[in-house]
Amino acid sequence: MAMRYWLMKSEPNVFSIEDLKKSKVSPWDGVRNYQARNYMRDQMKLGDLAFFYHSNANPSGIAGIAKVIREGYPDHTAFDPKNIHYDPKSDLKKPTWFMVDVEFVKAARSLITLERLKEISELKEMLLLRHGRLSVQPVTAKQWKIIKKLPEWR
DNA sequence: GCCAACGTTGGC
DNA sequence: GCCAACGTTGGC
């Protein structure tokens, strides 16, 4: 199966592209939305690339690129009562929540803001612009290419 | 901090 | 299974 492209959101005051750059690798934990969970559990494959999106930021936008280096596995933070993402309904033997591991690929030289993405007419079908709240979402190869060509990467 | 959009829960 | 109430996301 061909490589897929994704967009993954994170609040930069919690975990930013700079944090990923420092740690090199990180689990993408804490996702508690079924649709996003399904993408991570079932469809994200080794080597897939994802735009790292800074949400709830000032401004929000695409800040870099990460690569999937481990496919879906149970999100252990759901089992830890002290963790902010604890979910008492998730069963160890039949976990509800899954995550992948990602590796830093690159940071954009400057943020590609949401406002800027909205101005690009070929991107108006992007899930980001249509269903704003989904925190892990697919990006088409065409959309990926358009965004990769923007001068903010250079 | 506000609030629209939208996902989840639970009573019926 | 419907849908009102409620909670969360995330732009602004």
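In what follows, chains are A, B, ... by sequence order, proteins preceding strands, each numbered from 1. Because only heavy atoms are used, hydrogens play no part in the values below, and waters and symmetry mates are left out as well, while side chains stay in.
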Q: Show me the donor-acceptor pairs within less than 3.5 Å that the side chains of residues 142-151 of chain A make with the rest of the protein, sequence neighbours left out.
A:
residue  : atom : partner  : partner atom : Å
A:Gln143 : OE1  : A:Thr140 : N            : 3.0
A:Gln143 : OE1  : A:Thr140 : OG1          : 3.3

Q: Show me, pair by pair, the donor-acceptor contacts under 3.5 angstrom made by side chains of residues 57-72 of chain A, not counting sequence neighbours?
A:
residue : atom : partner : partner atom : Å
A:Ser60 : OG   : A:Asn56 : N            : 3.4
A:Ser60 : OG   : A:Ala57 : N            : 3.1
A:Ser60 : OG   : A:Ala57 : O            : 3.4
A:Glu71 : OE2  : A:Leu46 : N            : 2.9

Q: Check residues 120-134 of chain A and write down every donor-acceptor pair under 3.5 Å in which the side-chain atom is one partner and the other belongs to a residue at least two apart or another chain.
A:
residue  : atom : partner  : partner atom : Å
A:Glu125 : OE1  : A:Arg130 : NH1          : 3.1

Q: Return the set of residues passing side chain to side chain contact (heavy atoms under 4.5 Å, CB included) with A:Ser55 (not counting sequence neighbours), or none when no residue passes.
A: A:Lys9, A:Glu11, A:Tyr53
Q: Just distance, no hydrogens or angles: give the donor-acceptor pairs under 3.5 Å from side chains in residues 78-88 of chain A, sequence neighbours left out.
A:
residue : atom : partner : partner atom : Å
A:Asp80 : OD1  : A:Lys82 : N            : 2.9
A:Asn83 : OD1  : A:His85 : N            : 2.7
A:Asp87 : OD1  : A:Lys89 : N            : 2.9
A:Asp87 : OD2  : A:Trp97 : NE1          : 2.7

Q: Can you give one letter per nucleotide of nucleotides 5-12 of chain C, 5' to 3': B if a protein heavy atom sits under 4.0 Å from the base, S if only from the sugar-phosphate, - if neither?
A: --BBBBBS
